[in-house]
Asks: 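Just dropping this structure here.
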Amino acid sequence: MVIQRWQSVLLLIAAVMMACFTFMSLGQVQLEFITLEFNTLGFNIVGETPEGMASGCFVRTWPLFVISVLSLILPLINVFLYRNLRRQKTVCLVELLVILTVCCSAGAYGYFAVPDYSVSWSSAIVAPVIAFVADLLAYRLICRDQRALRSADRIR
């Protein structure tokens, strides 16, 4: 007997929030002559560049992209682990740690990747916080289901 209801919805919300974070613009950095757009893949030059300046990508942030995609995939995998609640709880805890890592690395890249400038953040930066809360609530519901199954086994 397996009880799997709301935690699946919460895990899907966490996955959608991390997908928004991964593929949307996180902010912009206004330099003297150019504007840089910050996303999980890096800082890209936006618009026309003055004579002699390179266009394209200014700084790559591959580690942020990799852990962001990992934080997107883990809750999707976790939805299908409903038959093994212990493993589902473990994956939920790993997901919480990965989301914290995403938040810390995004903040570090935003404030330290371009010296003497900082990012003006967009609203997509709150997506990992929402995903963290949804994942934490899913963990609590998984624990509650595990307790309910244990008490039902005790009655038998």
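For reference, positions follow the sequence shown, starting with 1.
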Asks: Can a side-chain donor-acceptor contact be found between Glu95 and Asn78 if the only test is distance below 3.5 angstrom?
Replies: no
Asks: Flag yes if Leu64 and Val59 sit in one hydrophobic cluster, no otherwise; membership is Ile, Leu, Val, Met, Phe, Trp, Tyr, and two members link when side-chain heavy atoms are under 4.5 Å apart.
Replies: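 Linked, Leu64 and Val59 end up in one cluster.
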Asks: Please answer: with hydrophobic residues joined when any side-chain heavy atoms are less than 4.5 Å apart, are Trp62 and Phe112 in the same cluster?
Replies: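 Yes; tracing contacts between hydrophobic side chains, which count when under 4.5 Å, links both residues.
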Asks: Could you check if a side-chain atom of Pro63 sits within less than 4.5 angstrom of a side-chain atom of Tyr109, using non-hydrogen atoms only?
Replies: yes
Asks: To the nearest 0.5 Å, how far apart are OG1 in Thr61 and CZ in Phe38?
Replies: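 These two atoms lie 5.5 Å from each other.
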Asks: Is there side-chain contact between Leu96 and Leu93, with heavy atoms separated by less than 4.5 Å?
Replies: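 With C-beta onward as the side chain, the pair touches.
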Asks: Supply the atom-to-atom distance Phe132 CZ to Leu97 CG, rounded to the nearest 0.5 angstrom.
Replies: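 The CG atom of Leu97 is 8.5 Å from CZ of Phe132, to the nearest 0.5 Å.
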Asks: Counting C-beta onward and ignoring hydrogens, is there a side-chain heavy-atom pair between Leu70 and Val66 closer than 4.5 Å?
Replies: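 Not touching, per the 4.5 Å side-chain cut-off.
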Asks: Sub-3.5 Å donor-acceptor pair from the side chain of Ser25 to the main-chain atoms of Asn39, do we have one?
Replies: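 Side chain of Ser25 to backbone of Asn39, a donor-acceptor pair under 3.5 Å: no, none is there.
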Asks: Testing the basics here: between Ser71 and Val102, what is the closest heavy-atom pair and its distance to 0.1 Å?
Replies: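 Looking at all heavy atoms of both residues, the shortest contact is OG-CG2, 4.0 Å.
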Asks: Rounded to the nearest 0.5 Å, how far apart are CZ of Arg140 and NZ of Lys89?
Replies: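 So the gap between those two atoms works out to 13.0 Å.
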Asks: Do the non-hydrogen side-chain atoms of Leu11 and Asp135 ever get within less than 4.5 Å of each other?
Replies: yes
Asks: Apply side-chain contact (heavy atoms from CB on, under 4.5 Å) to residues Val79 and Leu12 and explain how you reach the verdict.
Replies: CA-CA 8 Å; Val79 169; Leu12 288 175; 4.3 Å; yes
Asks: Any chance the side chains of Gln28 and Thr35 put a donor and an acceptor closer than 3.5 Å?
Replies: no
Asks: Check Leu72 against Ala19 and note the closest heavy-atom contact, atom names and distance.
Replies: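 Closest approach of Leu72 to Ala19, heavy atoms only: CD1-CB, 3.6 Å.
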Asks: List the atom of Ser68, the atom of Phe21, and the distance in Å for their closest heavy-atom pair.
Replies: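 Taking every non-hydrogen atom into account, OG-CD2, 3.5 Å.
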Asks: Other residues, nucleotides and ligands only: do more than 12 of their heavy atoms fall within 6.0 Å of CZ on Phe80?
Replies: no
Asks: Can you hop from Val129 to Ile13 via hydrophobic side chains spaced under 4.5 Å?
Replies: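 Different clusters.
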Asks: Check the hydrophobic clustering (I, L, V, M, F, W, Y; side-chain heavy atoms under 4.5 Å; chains of links allowed) and say if Met17 and Ile77 are grouped together.
Replies: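 Yes; Ile77 is reachable from Met17 via cluster members.
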Asks: Shared ILVMFWY cluster between Met24 and Phe65, side chains joined below 4.5 angstrom?
Replies: no
Asks: Between Tyr82 and Leu85, which heavy-atom pair has the shortest distance, and what is it?
Replies: O-CD2, 4.0 Å
Asks: If you take all heavy atoms of Thr101 and Ile67, which pair is closest and at what distance?
Replies: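 Taking every non-hydrogen atom into account, CG2-CD1, 3.7 Å.
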Asks: What's the shortest heavy-atom distance between Pro128 and Cys103, and which atoms?
Replies: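 Between these two residues, the closest heavy atoms are CB-SG, 3.4 Å.
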Asks: To the nearest 0.5 Å, how far apart are CD in Glu37 and CD1 in Ile45?
Replies: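 The distance works out to 12.0 Å.
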Asks: Is the closest side-chain heavy-atom distance between Leu74 and Val94 below 4.5 Å?
Replies: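 Sidechains of Val94 and Leu74: in contact.
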Asks: Heavy atoms, side chains only, cut-off 4.5 Å: are Phe43 and Val29 in contact?
Replies: yes
Asks: Which distance, rounded to the nearest 0.5 Å, do you find between the CD1 of Ile142 and the CH2 of Trp6?
Replies: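 Reported value, rounded in 0.5 Å steps: 15.0 Å.
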Asks: To the nearest 0.5 Å, tell me how far Thr22 OG1 sits from Ile73 CD1.
Replies: 9.0 Å
Asks: Side chains of Cys92 and Gln88: does their closest heavy-atom pair fall under 4.5 Å?
Replies: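 No, too far: nothing below the 4.5 Å cut-off.
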Asks: For the residue pair Tyr117 and Tyr111, establish whether any side-chain heavy-atom pair is separated by less than 4.5 Å.
Replies: no
